[in-house]
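Data first, discussion second: the structure below is written as structure tokens.
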There are 2 protein chains.
Amino acid sequence: MSGRTAAVQARADSVRNRRLLLRAATEAFAECGVDVSMHTIAQRAGVAKGTVFRHFPTKDDLLAAIMMQLLDRLFETADRLLRADDAGRALKDFMGHGIGLLAADRAFCDVIGKPSLQHADVREAIDRLCDTVEDLTARAREQGAVRGDITGTDIVLLLGGIHQTARPLLDREPQAWERFLEIAFDGLRARGRPALPHPPPAQLRMADPSGVSAPTKT
Amino acid sequence: MSGRTAAVQARADSVRNRRLLLRAATEAFAECGVDVSMHTIAQRAGVAKGTVFRHFPTKDDLLAAIMMQLLDRLFETADRLLRADDAGRALKDFMGHGIGLLAADRAFCDVIGKPSLQHADVREAIDRLCDTVEDLTARAREQGAVRGDITGTDIVLLLGGIHQTARPLLDREPQAWERFLEIAFDGLRARGRPALPHPPPAQLRMADPSGVSAPTKT
DNA sequence: CGAGAAGATGACCGGGGGGTCATGTTGTGC
DNA sequence: GCACAACATGACCCCCCGGTCATCTTCTCG
């Protein structure tokens, strides 16, 4: 380890291409969703297809690298809002943030939507995020901002649902989700209403329980 | 036209295969969504791929034929509920019906989700359905069952959204959507709340305004 | 500047999609 | 029962996907 630069020095054009690639992939995934082709991404980055696979062995690796950025940013937001005074406001702000991300990135919707075929990193990041949302929700519940039988999993699920509600309007009215977030949040308050007809959903766990991440020493 | 049977008599095995095909396609689309392959559908029907294309020139034709069945049934339900006394209850029942259909048929979700690349029949059927939902909603609004600034388009959009909310739980808890329908409906009531932050969405029109269906004589 | 290694390239592969068509098969009217 | 039209079949076409690799280019270090 020779101080600043690592032992193996990356070539200048390599790091340049990697940057171009990440930028192009971020944009392409956001616009087109996970089904955008590697060829398209390569074109938008101005490199050949082989170069993409040199930097990211599989499409999943590339997708995971980009999703991790999004998830990390969202996690930071959630973690910061955990320190807010008004827990109800914080929860609603977080939901707005999450829905905004979903509206701006089709690939993010796709990844959140189907838990299959994803990198372990991504799955764990989602789980961490869910944990933080659970805390956010618990605080809102204690402060009476939402009814007592609402869980963090409800909130996580509602993120995708509210975005989906406003999705057909995305082109013409990009802010329409605010309307449906308000409706949903009014439903979450709903003081004096009878108990909800279905029990609270079990917590979503993306990382499979086979002990991939947490070595339980068995 | 020679009474019961048409001038050109269809062969017995042909109508048999057509029936098998429609059954298989209905099931396959419901289970796998619109991306299920024509080969798969042919296999499940017990016929060769060419036979599928003999009965339905393109995949879109087959999909449209099956979606029309669903839409017609849903339209009948909506039309019947229009005659109910309790308009709020009727609206909620209709939403439950629609969400149940979405939960049971992946292709239905896909078709409703993306308005592009669809048959004109399907688009018109969806528009007709939207009109009826508008009526259902107007009655509920007049009876005070939902707040005054809720439109039929809100309801249509919420159908997809509520289903999407419960979708990750579909395998383990197929009825979970009831919970989120209750939350959303509480939000739709929400007496004494401030006005919603975003104006009511414009009515969704699937049939393009180029005058394909309604000859506006221009 | 020269040598060598790291990187970039795009033709190529196997798989799977929707759709076609020459050929073989079968139901039907006379 | 015969002849013919309607029908069924599956090999085939073209396209696009993710991924590979022999070949060529370019950066870097001495």
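Throughout, a chain's letter reflects where its sequence line sits, starting with A, and its residues are numbered from 1.
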What's [X] touching, base or sugar-phosphate or nothing? Going by heavy atoms closer than 4.0 Å.
{"X": "T51(A)", "result": "base"}
{"X": "V15(A)", "result": "nothing"}
{"X": "K59(B)", "result": "sugar-phosphate"}

* Does a donor on one side chain sit under 3.5 Å from an acceptor on the other, for D127(B) and Q203(B)? -> no
* Asked: Just checking, any donor-acceptor pair under 3.5 angstrom between side chains of D61(B) and T58(B)?
  -> yes
Whole angstrom is fine here: how far is it from [atom1] in [X] over to [atom2] in [N]?
{"X": "R19(B)", "N": "dC7(D)", "atom1": "CZ", "atom2": "P", "value": "15 Å"}
{"X": "D61(B)", "N": "dG18(C)", "atom1": "CG", "atom2": "C1'", "value": "13 Å"}
{"X": "Q43(A)", "N": "dC16(D)", "atom1": "CD", "atom2": "P", "value": "12 Å"}
{"X": "F53(A)", "N": "dG7(C)", "atom1": "CZ", "atom2": "P", "value": "18 Å"}
{"X": "M38(A)", "N": "dG10(C)", "atom1": "CE", "atom2": "C1'", "value": "15 Å"}
{"X": "F56(B)", "N": "dG18(C)", "atom1": "CZ", "atom2": "C1'", "value": "16 Å"}
{"X": "L21(A)", "N": "dT9(C)", "atom1": "CG", "atom2": "P", "value": "11 Å"}

Hey, does the side chain of [X] come within less than 4.0 Å of [N]'s phosphate (OP1/OP2), counting only N and O?
{"X": "N17(B)", "N": "dA8(D)", "answer": "yes"}
{"X": "R54(B)", "N": "dC7(D)", "answer": "yes"}
{"X": "H55(A)", "N": "dA8(C)", "answer": "yes"}

Candidate nucleotides [options], ranked by approach to the side chain of [X] - the nearest:
{"X": "S37(A)", "options": "dA5(C), dT9(C), dG18(D)", "value": "dG18(D)"}
{"X": "D13(A)", "options": "dC7(D), dG18(D), dC27(D)", "value": "dC27(D)"}
{"X": "S14(B)", "options": "dT9(C), dC7(D), dG7(C)", "value": "dC7(D)"}
{"X": "R11(A)", "options": "dT28(C), dG18(D), dA5(C)", "value": "dA5(C)"}
{"X": "A12(A)", "options": "dT28(D), dG18(C), dG19(D)", "value": "dT28(D)"}
{"X": "K49(A)", "options": "dG27(C), dG19(C), dC12(C)", "value": "dC12(C)"}
{"X": "A48(A)", "options": "dG19(C), dT9(C), dC12(C)", "value": "dT9(C)"}

* To do: Please confirm whether R128(A) makes a cation-pi placement over F75(A), using NZ or CZ under 6.0 Å from the six-membered ring centre and within 45° of the ring normal.
  => yes
* Considering only NZ, NE, NH1 and NH2 on the basic side and carboxylate oxygens on the acidic side, decide whether R139(A) and E134(A) come within less than 4.0 Å. => no
* Structure fact -> Contacts of H39(A) and G50(A) projected onto DNA chain D by closest heavy atom; the upstream (5') one is H39(A)
* **Residues which pass side chain to side chain contact (heavy atoms under 4.5 Å, CB included) with S14(A), listed by chain and number, not counting sequence neighbours** => R11(A), H55(A)
* Structure fact -> The side-chain contact (heavy atoms from CB on, under 4.5 Å) partner of M95(B) among V133(B), I162(B), V156(B) is I162(B)
